[in-house]
Protein chains: 2
Amino acid sequence: MKFGPIEFRHLRYFTAVVESKSFRAAAQRLHVSQPPLTRQVQQLEELLGVSLLERQPRGVELTAAGAVFYEEARNLLALAEQAIDRTQMAAQGQLGRLDIGVFGSAVFDAIPRVIQAFRLAYPKVDIVLHNLDRAGQIRALRERRLTVGFNRFFVEEVGLLWDVVLHEQLNVAVHEAHPFAKREQLNFDDLADQPLIVYPRTSRPSFIDQVLSMFHSRHLTPQIVQEVDDVVTAIALVSSGFGLTLASDSALTLRLPGVVYVPLEATEAQIDLCMIRRADDESALLRAFIDVVHAVLPPRG
Amino acid sequence: MKFGPIEFRHLRYFTAVVESKSFRAAAQRLHVSQPPLTRQVQQLEELLGVSLLERQPRGVELTAAGAVFYEEARNLLALAEQAIDRTQMAAQGQLGRLDIGVFGSAVFDAIPRVIQAFRLAYPKVDIVLHNLDRAGQIRALRERRLTVGFNRFFVEEVGLLWDVVLHEQLNVAVHEAHPFAKREQLNFDDLADQPLIVYPRTSRPSFIDQVLSMFHSRHLTPQIVQEVDDVVTAIALVSSGFGLTLASDSALTLRLPGVVYVPLEATEAQIDLCMIRRADDESALLRAFIDVVHAVLPPRG
DNA sequence: CGTTGCGATACCCGAGCGGTATCGTTCCGC
DNA sequence: GCGGAACGATACCGCTCGGGTATCGCAACG
């Protein structure tokens, strides 16, 4: 006489009986015989302490409470189906939340392209962008607040993996009044005695360090006239005739009045865009995102 | 190796494991041993075709899909609780919908008082009022579109029950300029040769039929100057000096300019308010409503 | 007034749930 | 570095309980 808690079986049986208005018909629909159905519904009524059906010779009729419970049961069964669907979607990486760390000039071109493509392929995934420098990204990754990070020049970090996802050329941003503005291409020697604006210094090694090493390998010493925090400020200074600066291809979408971009000689004048992630993150969502990144960004930049 | 469909047991076990971050601790919480827990969670994962937990030496960790399913499971369990609550409330008449048929002057006083009291006692019951004459109420009751109806003078109807819930006195509505307006009380003899406005004729026998029978039993013949559809119109005509009319106590709240109500002699000058319902309706909701009606309306009107 | 179709009941069988005992692994302290 | 402790997984068993067949009691219908 003692029953356990309510189970989905009770709901399935009860709703079938209600919809068939008959135990026998419902039994047929459920591919069971009639007596178990009777028993389960009786149990359900006893568990609830409520009479749900009025048994009549011509079939069954819902009581007022039965009508309420029927609606609830239908709802629960539908939600259970949804729960399964959603879970399976999540397992395939089609549902969930992706926290992406971004920084620097890549946010102007490469990142938006990746995100747009990913949104299209996985519309039910929430994407949250976090503006973090490299150190911040690494910390956030370790603390699981981030799924992936995009940055330049990752050093090896235990527990983290990084891939180069894009090679970009360097460009020189000059004011249109500057003689370089007419040139098809420039090289490092051209820049040696030019007033250079450099960025950013937030976490070493950084963009600027790689640029400086390119000068050093050519035994050149650039004339640094100003240090700034970010690309936008640097280009703004170029726009106002302060000097020259270097920018990756991604920054080319950043158009300010009077600023002209001239490609730098190709040899070694490359800057990488890297993606960093946890080594132990084997989620389908991250896998799917990585695939999109490689599909969107040119296999060889 | 073949499992049936998902049951609430799977959800209860899984959520317990997640919340305890441990199979053993969850087993203790659930008052079962650890192996069945392991098995049920394994079954759940197989049923979903999804890995929900990462078993680690220090306990268990949710996968991304597991986190999604956990939220869904919590939600389902909470909704199941609510479903039980709501069903039990419905069984006690505390939840549901009450369709009430109303007609005539009772809507001005008695009905609003009843409904206000019922709303207070059973706030989660939806009350829907339907303006239907007696024939319409009887049809709607038979077709289950109505739970109760209020009207005057019910004849016996098979399958329906009626109770007198209120006795009201009759009053004469006269214009203040009329000599009767000064009287403390009136009787039928006074009215015999007065211009009388009568209402309504919608479904016989009706209010007017009872009034007329009161005249006849006294061998009097009233002077009917106008027939109208409803009380409000009748009183409006009184207000414009058209004649006199009779109105129950409920209509006294209906105050129009120049209209004065004078009580009619008490003997036999009573009018009933009746409540009609299905004989086979044993719902707790109806029972509760009837109780409220008898509590609100004076046991002897 | 028998027939028919309904849900309820009685009884049986076996799947499956929960129990105990134990294993394999990892992490910890000595 | 090694034994012990703690974790989840596995093996196996007993018994509950869900589902089966057969049948009952009852009301409606021709």
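Residue numbers start from 1 in every chain, and the chains themselves are labelled A, B, ... in the order their sequence lines are given, proteins ahead of strands.
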Taking atom C1' of C:dG7 as reference, at what distance in whole Å does atom CD of A:Glu61 sit? 15 Å

The side chain to side chain contact (heavy atoms under 4.5 Å, CB included) partner of A:Phe289 among A:Thr147, A:Val114, A:Val125 is A:Val114

Residues B:Arg144 and B:Asp280 bridged, charged N to O under 4.0 Å: yes

Is any side-chain N of the basic residue among A:Glu45 and A:Arg55 closer than 4.0 Å to the acidic one's carboxylate O? yes

Interatomic distance, B:Tyr13 OH vs D:dG8 C1' [rounded to whole Å]: 17 Å

Euclidean distance, B:Tyr70 OH relative to B:Glu19 CD, rounded to 0.5 Å: 3.5 Å

Do you see a donor-acceptor pair shorter than 3.5 Å between the side chains of B:Thr38 and B:Gln34? yes

At a heavy-atom distance below 4.0 Å, what parts of residues 15-28 of chain B sit against DNA chain D? B:Ser22, B:Phe23, B:Arg24

Nearest-angstrom distance from the residue atom CD of B:Gln56 to C1' of C:dG24: 17 Å

Using the test side-chain hydrogen bond (donor to acceptor under 3.5 Å, both in side chains), find all partners of B:Arg145 that sit at least two apart in sequence or belong to another chain. B:Glu143

Residue A:Arg55, side-chain heavy atoms: nucleotide from D:dG19, C:dG19, C:dA8 that is nearest: C:dA8

What is the separation between atom CG on B:Leu47 and atom C1' on C:dC17, rounded to the nearest whole Å? 15 Å

Got a salt bridge between B:Arg277 and B:Asp163, using NZ or NE/NH1/NH2 to carboxylate O under 4.0 Å? yes

Partners meeting side-chain hydrogen bond (donor to acceptor under 3.5 Å, both in side chains) with B:Tyr122 (sequence neighbours left out): none

Roughly, in whole Å, what's the span from CG in A:Leu30 to P in D:dG20? 10 Å

Taking only Lys NZ, Arg NE, NH1 and NH2, and the carboxylate oxygens of Asp or Glu, determine whether A:Lys21 and A:Glu61 approach each other closer than 4.0 Å. no

The correct set of residues in residues 34-44 of chain B placing a heavy atom under 4.0 Å from DNA chain C is B:Pro35, B:Pro36, B:Arg39, B:Gln40, B:Gln43

Euclidean distance, atom CD of residue A:Glu46 to atom C1' of D:dC17 [Å, nearest integer]: 15 Å

Given C:dG18, is OP1 or OP2 found less than 4.0 Å from the side-chain N or O atoms of B:Ser33? no

Would you be so kind as to tabulate the donor-acceptor pairs closer than 3.5 Å made by side chains of residues 3-15 of chain B, with sequence neighbours excluded?
from	atom 1	to	atom 2	distance (Å)
B:Glu7	OE1	A:Phe8	N	2.8
B:Glu7	OE1	A:Arg9	N	3.0
B:Glu7	OE2	A:Arg12	NH2	2.6
B:Arg9	NE	B:Gln40	OE1	3.3
B:His10	ND1	B:Glu7	N	3.0
B:His10	NE2	B:Gln40	OE1	3.1
B:His10	NE2	B:Gln43	OE1	3.4
B:Arg12	NH2	A:Glu7	OE2	2.5
B:Thr15	OG1	B:Leu11	O	2.9
B:Thr15	OG1	B:Arg12	O	3.0

Five-pair end axes of the helix from C:dC1-D:dG30 to C:dC30-D:dG1 and the angle they enclose, rounded to 10°: 20°

Expressed in angstrom and rounded to an integer, what is the separation of B:Arg12 atom CZ from C:dG18 atom P? 10 Å

Regarding B:Glu282 and B:Arg287, does a basic nitrogen lie under 4.0 Å from an acidic carboxylate oxygen? no

Mind calculating the distance between CD1 (B:Ile6) and P (C:dG16) to the nearest angstrom? 16 Å

